[in-house]
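See structure below.
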Amino acid sequence: MASQKLTDYERQRLENIKRNAEMVAALKLHSKAATLSAATAKRHRTKTFKASPEKKPKTEAPIVIRRSLRTRGMPPDSKGFPDDFSDNFDKTPKSVSVIKPQSPRVLGPISMVDAFSGDDETESNKMLVGTILSIAKETQVGVSVKDVKDEIFSEKGALGSCKSEGFESLGTEKVDESLNGKRKLVKGVVKNEYLDGLIKIEKNDQWLESLDLKPENVVRLLPGRIMVVKFFPCSSVRMIAAGNKFGNIAFWNVDSNNEKEDGIYLYRPHTGPISGILIHQHSMSKIYSSCYDGFIRLMDAEKEVFDLVHSCDDTMFSLSQQPNNSETLYFAEGRGGLKVWDIRTGKSSKNWMLHEDRINTINFNSQNPNIMATSSTDGTACIWDLRSMSAHKLKTLKTVSHSRAVHSAYFSPSGSSLATTSLDNKVGIITGVNFEDACMIYHDNWTGRWLSSFRGIWGWDDSYIFIGNMKRGVDVISPSQKRSVLTLQSPEMSAIPCRFDAHPYEIGMLAGATSGGQVYLWTPC
C-alpha cells in the first residue's frame, strides 16, 4: 500500500520538529539539565546541632493521688478547727516568711556531661574536651603578631613611624607568611587584641571584595536567638563559641571531619540569655560565661565541669576582661552597675555605678588596658580611666551621647578610635588624641523585638567596621569616607546577621550570627 501523501501542514510540522531538535542539541540543554539534576541531588546538607530530649530526674517517691473523704466512702470530719485556732493564728510571729518555690537554677557546679544536649553525650564531650585541651597545651598559640613583626624587621631592616604611642607600623611591605603557617599573601593590618603591637602591611582592598560564604560554612549552631559569638584566639584550630537566649552554649569546630557530629557540641549550663563569653588567649581551657539569670560560670575543660564563679539576684548584661589580665573579671550588674571580680580571692574588689541604665558592652583599649569603654541603654557611651576611678570619684574621659540606647562601644585595633552603635540609626566614630572628634554615620539599626540588636565591630585594622544589614547582608563602613562602601551578600544567607566576630589570626575570616541560630562564616577566596 502506497504511503499516504503528506499535506503541506504536516510537512511544515515535521520540519519545525526537526529544526527545534537541532536547536536543543546545539544548546546542549539535555546535558545541562542532567548536570543540574545531579547537583541538586548532591546538594550540601546544612550542618545543625542535634538536641536530645530533655533529661528528667527519676522520681524516687511514689506519686500520691489526693482523694476526698466522700470518694473514699468515709464520713465527714465533724471536729472542724480547734477552739483556740484564732488564738494560735494571732500568736504566729510576723517574721515568718512565705515559702518560695525552688528556683530552677543550680547553685553549684554542673558536669559537662549533664549539661550536654545531644546523643552519646559522653563520647561527644570527650571529643570537645580533647580538642580544647590540645589547643591550650600548645606553648605558643600560632605565630604571634609580635613574632611576625620581629621577623619582618630583621629581613627588611626598616620600620616606619606612628603617632600613637605604644605600637609601631611597617611602611608598605608585603608579608608572604600568614599567621597560621600557610603560604599566602596577607594584606591589611593584623590585629591581636591580646598582644601589643600592630603590623601595617601594603594596603589592598581586593581581599574585602573577595570574601565569600560557602555552603559548608553555614550551620544552624543553636536553637533560637544567638546573643554572643566568639572565635577561639588560636591559629591551629578554627573554633567558634556562641550563646543563645535559652542559656545554651555551643561550640563549632570548623575543621572537624567527624560526619556524625558535624563538629557541633551543644550545652545548657544556664537558664537564661547568655550575655557574655570570654576565651582568654593564655588560658583557653577555662571559658567564662555570664547570663541574665545572674550567674557567671567557668567551663573548665580539665575538670569537665561548669563551675559557679559568682551568683546574684540582679541581671548580668555583659562580661569582659582586660587583654593583659586573666585573673580579673569585669561584668555589668543591674541598672548601670559594674563590678570588678578577683578570680583568685573569689570576691568583688570594686563596685561602681557608671550609668543610669543597663550596661550593654564593656571593652578595653588594646594598647592601654587601663582605658575602658562602656555602652548603655541610657543613651550614652563613656570612656573611663581605671587608674583615676574610685568609689567617690567617677569622672569620664569622654561621653558620647545618642538619642536612643547605645548597644555597643568598641575600640579599634590601634586603640585610637571608638565605634558606637545606637538605636537612633547612627554609628558613631570617635577619634583624636583625646577622643575629641566625633562623627555620626547613618545606618538602619532598628531591628525590632524579634532580632538581636546590631553591634558594629572593627575588622583587622582601623579601616572598616562590619555591621548587620536588614536586607540579609553585612554592611562594611569606612570611617575615613564616613559611609558604607560595600555590602556582603550571598544566596546562602537566609536570615539577618546581627552579632559578629573577626578572627584575630585569620584575616578575612568573619563570623556572623542570626536570631534563628545560624552562624555564617565568611572567608577570603
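Predicted model only: the values in this text are computed from it and were never measured.
The two atoms that bring Ala250 and Leu222 nearest to each other are CB-CD2, 3.4 Å, heavy atoms only. When all heavy atoms are compared, the tightest approach of Met372 to Phe411 is C-CE1, 4.0 Å. Looking at every heavy atom in both residues, Ile240 comes nearest to Ala511 through CD1-CB, 4.0 Å. The minimum heavy-atom distance linking Ala301 with Ile132 is given by the pair CB-CG2, 4.0 Å. Closest approach of Cys498 to Ser515, counting heavy atoms only: SG-OG, 4.1 Å. Summarising the geometry of Val485 relative to Ser478, their closest heavy-atom pair is CG1-CB, 3.7 Å, with the distance given to 0.1 Å.
Between the OG atom of Ser484 and the CD1 atom of Ile477 there is a distance of 6.0 Å, given to the nearest 0.5 Å. Note that SG of Cys291 and CE of Met227 are 9.5 Å apart. Values are rounded to the nearest 0.5 Å. In this structure, Arg499 CZ and His407 NE2 are separated by 8.0 Å, a value rounded to the nearest 0.5 Å. For the atom pair Trp352 CH2 and Met389 CE, the distance stands at 4.0 Å (nearest 0.5 Å). Interatomic distance, CD of Gln321 versus CD1 of Ile362, reported as 11.0 Å (0.5 Å rounding). Note: Leu521 CG to Asn217 CG = 4.5 Å, rounded to the nearest 0.5 Å.
Proximity of Leu319 to Ile296: side-chain heavy atoms (C-beta onward) are separated by under 4.5 Å at one or more points. The shortest side-chain heavy-atom distance between Phe500 and Val474 falls under the 4.5 Å cut-off. Side chains of Leu338 and Trp384 form no contact here, defined as non-hydrogen atoms less than 4.5 Å apart. The side-chain heavy atoms of His355 and Thr374, taken from C-beta on, include a pair separated by under 4.5 Å. In this structure the side chain of Leu208 reaches within 4.5 angstrom of the side chain of Tyr464, judged on heavy atoms. In this structure the side chain of Asn325 reaches within 4.5 angstrom of the side chain of Thr328, judged on heavy atoms. In this structure, Met493 and Tyr520 have side chains that are in contact, with non-hydrogen atoms separated by less than 4.5 Å. Looking only at side-chain heavy atoms (C-beta outward), Asn360 and Val406 stay at 4.5 Å or farther from each other.
Checking side-chain atoms of Asp255 against main-chain N and O of Arg238 turns up a donor-acceptor pair under 3.5 Å. Here the side chain of Asp444 pairs a donor or acceptor atom with the backbone of Trp446 at under 3.5 angstrom. The backbone N or O of Ala405 sits less than 3.5 Å from a side-chain atom of Ser422, completing a donor-acceptor pair. For Asp501 (side chain) and Phe231 (main-chain N/O), a donor-acceptor pair under 3.5 Å exists by modelled atom type. A side-chain donor-acceptor contact under 3.5 Å links Thr420 to the backbone of Gly428. A donor-acceptor pair under 3.5 Å links the side-chain atoms of Gln322 to the main chain of Pro369, judged by distance alone. In this structure a side-chain-to-backbone donor-acceptor pair under 3.5 Å is present from Asp424 to Ser403. Not a single donor-acceptor pair under 3.5 Å links the side chain of Asn434 to the backbone N or O of Glu436. Of the possible polar contacts, one joining the Thr514 side chain to the Gln518 backbone as a donor-acceptor pair under 3.5 Å is found. Distance alone, capped at 3.5 Å, is enough to place a donor-acceptor pair between the Trp460 side chain and the His503 backbone.
Exactly one residue among Leu510, Ile465, Ile467 makes a side-chain contact (heavy atoms from CB on, under 4.5 Å) with Ile457. That residue is Leu510.
The ring pair (Phe, Tyr, Trp, His ring centres under 6.0 Å) search around His402 returns none, not counting sequence neighbours. Every residue meeting the side-chain contact (heavy atoms from CB on, under 4.5 Å) condition with Ser408, not counting sequence neighbours, appears here in chain and number order: Thr361, Tyr410, Thr421, Arg455. By the ring pair (Phe, Tyr, Trp, His ring centres under 6.0 Å) test, Phe454 is found to be paired with no residue, residues two or more places apart in sequence or in another chain being considered.
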Stepwise side chain to side chain contact (heavy atoms under 4.5 Å, CB included) test for Ile287 and Leu298
CA-CA 6 Å; Ile287 302 172; Leu298 167 63; 5.8 Å; no

Might you work through the ring pair (Phe, Tyr, Trp, His ring centres under 6.0 Å) test for His310 and Phe331, ending with a clear yes or no?
CA-CA 11 Å; His310 174 63; Phe331 56 89; 5.3 Å; yes

Test side chain to side chain contact (heavy atoms under 4.5 Å, CB included) on Val219 and Ile264; report intermediate values, then the result.
CA-CA 9 Å; Val219 299; Ile264 298 176; 4.3 Å; yes

Passes side chain to side chain contact (heavy atoms under 4.5 Å, CB included), His270 versus Asn248? Steps please.
CA-CA 7 Å; His270 294 278; Asn248 296 105; over 6 Å; no

Checking Asn253 against Val237 for the side chain to side chain contact (heavy atoms under 4.5 Å, CB included) test, could you report, in this order, the C-alpha distance in whole Å, the side-chain angles of both residues, the deciding distance, and whether it holds?
CA-CA 8 Å; Asn253 186 354; Val237 177; 3.5 Å; yes

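Checked against the 6.0 Å centroid criterion, the rings of Phe364 and Tyr330 qualify as a close aromatic pair.
For residues 395-419, no residue pair satisfies the salt bridge (charged side-chain N to carboxylate O under 4.0 Å, His left out) rule, not counting sequence neighbours. Applying the salt bridge (charged side-chain N to carboxylate O under 4.0 Å, His left out) test to every pair with at least one member in residues 326-335, sequence neighbours left out, gives these pairs: Glu333-Lys339, Arg335-Asp357. Pairs engaging residues 372-388 under the salt bridge (charged side-chain N to carboxylate O under 4.0 Å, His left out) rule: Asp385-Arg387 [sequence neighbours left out].
A donor atom on one side chain and an acceptor atom on the other are not found under 3.5 Å apart for Ser134 and Thr131. In the model, Asn445 has no side-chain atom that pairs as donor or acceptor with a side-chain atom of Asn425 under 3.5 Å. Looking only at atom types and distance, the side chain of Ser290 has a donor-acceptor partner in the side chain of Ser275 under 3.5 Å away. Asp342 and Ser349 share no donor-acceptor pair across their side chains, judged by distance under 3.5 Å alone. No side-chain N or O of Ser417 forms a donor-acceptor pair with one of Asp462 less than 3.5 Å apart.
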